[in-house]
*Asks:* 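Here it is, the structure, as structure tokens.
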Protein chains: 2
Amino acid sequence: MPKAALYTLDVVALAPLGGELAVLLQRGAGARRALPWGAPRDRERLTAGAHRVARTALGAPPAALEQVGAFGDGLRHPSGADLSVAFAALVTAEQAAAAEGDWVPTGALPALPERQRAITAAAVEAVRARADRAPVAFQLLPAAFTLSALQETYELLLDRRLHKASFRRALHAARLVQPIDEWRSEGRGRPAQLFRYAPRKRRRGQRGVRFDVPT
Amino acid sequence: MPKAALYTLDVVALAPLGGELAVLLQRGAGARRALPWGAPRDRERLTAGAHRVARTALGAPPAALEQVGAFGDGLRHPSGADLSVAFAALVTAEQAAAAEGDWVPTGALPALPERQRAITAAAVEAVRARADRAPVAFQLLPAAFTLSALQETYELLLDRRLHKASFRRALHAARLVQPIDEWRSEGRGRPAQLFRYAPRKRRRGQRGVRFDVPT
DNA sequence: TCAATAGTGTCTGTTAGACATTATGGA
DNA sequence: TCCATAATGTCTAACAGACACTATTGA
């Protein structure tokens with residue numbers, strides 16, 4: 001008799017699609033949809049297992065993979081295991097097309113197994129919280145991108161509108177991107193220059209404290 | 001024969017002591033010191049188990065307990081289990097005295113089991129990262145505190161000096177604290193008014209984007 | 001009295017956001 | 001040509017940090 005799995009590895013794959021963050025869902029048992037998940041293999045390491053599950057679901061390695069945490073607390077999971085370790089996988093819109101399953105906007109999620117609902121919420125929250133301190137936005141974009149696309153990605157992650165001139169000023173000051181000698185025309189209007197992610201100097205001197213405590 | 005533990009619950013208890021963040025270490029096997037940890041009980045939930053381990057180590061419930069993540073990846077752990085779920089427990093200096101074990105400054109940690117070293121670093125990092133978006137500082141302080149003590153706590157968490165007048169201005173604007181009708185004299189100098197944590201209105205209108213990406 | 005800490009008012013340089021303007025392509 | 005988008009300069013209000021000053025206690 002095979003040993004029951006100790007825990008599962010659950011992957012919340014996120015991609016910027018249609019101006020929203022979308023999650024990859026697969027068909028689970030019955031008609032119900034579920035996050036991609038799998039059991040760790042014997043002696044397989046945590047991160048390695050998560051990469052494997054993500055790669056299988058996406059058809060290619062994600063641009064980034066970060067652990068969200070362990071989930072259990074009695075919430076139901078399709079596996080029956082009482083522990084799941086959740087990972088957020090970041091995927092570009094281009095890569096998203098290659099995945100098997102449906103990309104569903106985070107704002108319009110269908111019914112999921114209890115634990116996976118909690119996992120999804122936590123993953124989205126974790127990614128959003130890291131947006132301003134890790135290059136999350138760049139991992140949701142192809143190597144070459146316009147500044148408008150970058151700003152839209154930040155707006156999607158931070159869930160608020162940003163001011164164009166201010167955004168570019170701050171971006172310039174942070175020395176995060178470099179222009180490449182290429183332009184892209186999207187329908188009408190002046191073509192936009194393409195940029196690539198190329199962080200240069202550590203930005204010292206964070207000014208002030210921002211108390212941002214939920215009441 | 002007892003079933004081997006699936007995973008362990010490891011607790012990184014943090015307290016502000018001597019102007020530094022200190023971690024609670026206990027005597028492990030041999031002379032080696034280790035984080036408090038335990039195995040989950042049968043059918044015990046994740047958070048409940050972590051609370052139990054923390055309470056046992058501290059002699060009282062911590063002011064806050066948050067999950068840091070799951071750790072494994074082949075790093076050694078005293079239990080032999082290949083997975084540990086880590087929690088950060090926040091404790092006031094007063095509560096810290098009641099704990100069994102040594103409080104060691106995070107800057108001067110002794111040799112720990114590999115996995116626990118990774119867990120400790122991640123827990124400290126997680127708590128620091130949340131300092132400006134969750135009331136972490138208040139959970140390291142007693143219910144009534146001086147603004148100087150609050151500022152010192154923030155400085156300890158953010159690991160940088162803050163400007164007194166600016167700190168108080170921002171604190172006032174955030175409406176996080178309320179003065180109570182009590183003063184405390186610490187040695188010489190004018191006695192400081194005591195305050196309590198009493199967040200009132202959601203602080204809307206986060207200005208700007210702060211790109212803070214490690215190069 | 002001096003020393004030490006609390007608490008606050010004012011000034012100044014920096015920066016975010018508003019607004020306007022130019023640039024450059026497609027329809 | 002008109003319209004849409006890119007990109008940037010200028011102005012202003014908000015804010016962080018410096019500094020100075022008063023307040024209030026213990027030594």
Side-chain angles (χ1 to χ4, degrees), chain A residues 19 131-132 141-142 144-155 157-196 201 203-213, chain B residues 19 131-132 137 141-142 144-196 201 203-213:
Chain A
D132 55 348
L141 288 170
F145 48 82
T146 66
L147 294 189
S148 297
L150 180 61
Q151 183 176 340
E152 279 162 27
T153 308
Y154 267 99
E155 289 178 340
L157 288 168
L158 302 175
D159 199 27
R160 61 196 175 95
R161 300 303 310 276
L162 299 174
H163 190 266
K164 185 165 73 163
S166 287
F167 179 79
R168 290 174 186 220
R169 253 190 322 227
L171 194 60
H172 184 76
R175 301 165 60 95
L176 285 184
V177 298
Q178 265 190 337
I180 62 178
D181 198 38
E182 218 172 311
W183 280 260
R184 176 181 300 157
S185 194
E186 314 257 17
R188 301 220 280 185
R190 172 173 167 182
Q193 186 162 19
L194 294 182
F195 288 74
R196 65 188 183 86
K201 260 194 299 201
R203 205 177 70 96
R204 293 261 165 247
Q206 179 98 304
R207 276 173 41 128
V209 211
R210 284 182 172 172
F211 299 102
D212 191 19
V213 171
Chain B
D132 54 348
L141 289 170
F145 48 82
T146 66
L147 294 189
S148 297
L150 181 61
Q151 182 175 340
E152 279 161 27
T153 307
Y154 268 98
E155 290 178 338
L156 183 146
L157 288 169
L158 302 174
D159 200 26
R160 61 198 173 95
R161 300 301 312 275
L162 298 174
H163 189 267
K164 184 167 72 163
S166 287
F167 178 80
R168 289 171 187 222
R169 253 190 322 229
L171 194 61
H172 185 76
R175 302 166 58 96
L176 286 183
V177 298
Q178 265 190 337
I180 62 178
D181 198 38
E182 219 172 310
W183 281 260
R184 177 181 301 157
S185 194
E186 312 259 18
R188 300 221 277 188
R190 172 173 166 181
Q193 185 162 20
L194 294 182
F195 288 75
R196 63 188 185 87
K201 261 194 299 196
R203 206 177 69 98
R204 293 262 166 244
Q206 180 99 305
R207 275 175 39 130
V209 210
R210 284 184 171 169
F211 300 103
D212 191 19
V213 171

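Letters A, B, ... are given to chains in the order of the sequence lines, protein chains preceding strands, and every chain is numbered from 1.
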*Asks:* If you find the nucleotide of DNA chain D closest to A:G208 and the one closest to A:A149, which residue's nucleotide is nearer the 5' end?
*Replies:* A:A149
*Asks:* Among residues 180-194 of chain A, which contact DNA chain C at a heavy-atom distance under 4.0 Å?
*Replies:*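 Close to the strand are A:G187, A:R188, A:G189, A:R190, A:P191.
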*Asks:* Any idea which heavy atoms bring B:R207 and A:R210 closest together, and the distance?
*Replies:* O-NH2, 2.5 Å
*Asks:* Among all residues two or more places apart in sequence or in another chain, which pass the salt bridge (charged side-chain N to carboxylate O under 4.0 Å, His left out) test with A:E155?
*Replies:*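 Salt bridge (charged side-chain N to carboxylate O under 4.0 Å, His left out) check on A:E155 returns A:R161.
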*Asks:* For the atom pair CD (A:Q151) and OG1 (A:T146), what is the distance rounded to the nearest 0.5 Å?
*Replies:*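 That separation rounds to 10.0 Å.
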*Asks:* For a quick test of your reading: what N or O donor-acceptor pairs under 3.5 Å do the side chains of residues 165-172 of chain A make, sequence neighbours left out?
*Replies:*
{"unit_1": "A:S166", "atom_1": "OG", "unit_2": "A:R169", "atom_2": "NH2", "d": "3.1"}

*Asks:* Please report the C-alpha distance between B:L147 and B:F195 in whole Å, then the side-chain angles of each, then the deciding distance to 0.1 Å, and finally whether the side-chain contact (heavy atoms from CB on, under 4.5 Å) criterion is met.
*Replies:* CA-CA 7 Å; B:L147 294 189; B:F195 288 75; 3.5 Å; yes
*Asks:* Between B:T146 and A:A165, which is nearer to the 5' end of DNA chain C once each is assigned its nearest nucleotide?
*Replies:*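 Whichever sits nearer the 5' end wins; that is B:T146.
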*Asks:* Ignoring hydrogens, what is the shortest heavy-atom contact between A:S185 and A:G187? Give both atom names and the distance.
*Replies:* OG-O, 3.5 Å
*Asks:* With heavy atoms of chain A within less than 4.0 Å as the criterion, where does contact along DNA chain C begin and end?
*Replies:* C:dG13 to C:dA27
*Asks:* Less than 3.5 Å apart, which donor and acceptor atoms pair up between the side chains of residues 175-184 of chain A and the rest of the protein, not counting sequence neighbours?
*Replies:*
{"unit_1": "A:Q178", "atom_1": "OE1", "unit_2": "A:R196", "atom_2": "NH2", "d": "2.7"}

*Asks:* Could you please spell out the steps behind the side-chain contact (heavy atoms from CB on, under 4.5 Å) verdict for A:F145 and A:L194?
*Replies:* CA-CA 5 Å; A:F145 48 82; A:L194 294 182; 5.7 Å; no
*Asks:* Can you check side-chain contact (heavy atoms from CB on, under 4.5 Å) on B:D212 and A:D132, steps first, answer last?
*Replies:* CA-CA 6 Å; B:D212 191 19; A:D132 55 348; 6.0 Å; no
*Asks:* Please list, in 5' to 3' order, the outermost nucleotides of DNA chain D lying under 4.0 Å from any heavy atom of chain A.
*Replies:* D:dC3 to D:dG17
*Asks:* For A:A131 and A:L158, which heavy atoms make the closest approach, and how far apart are they?
*Replies:*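 Minimum heavy-atom separation between A:A131 and A:L158: CB-CD2, 4.0 Å.
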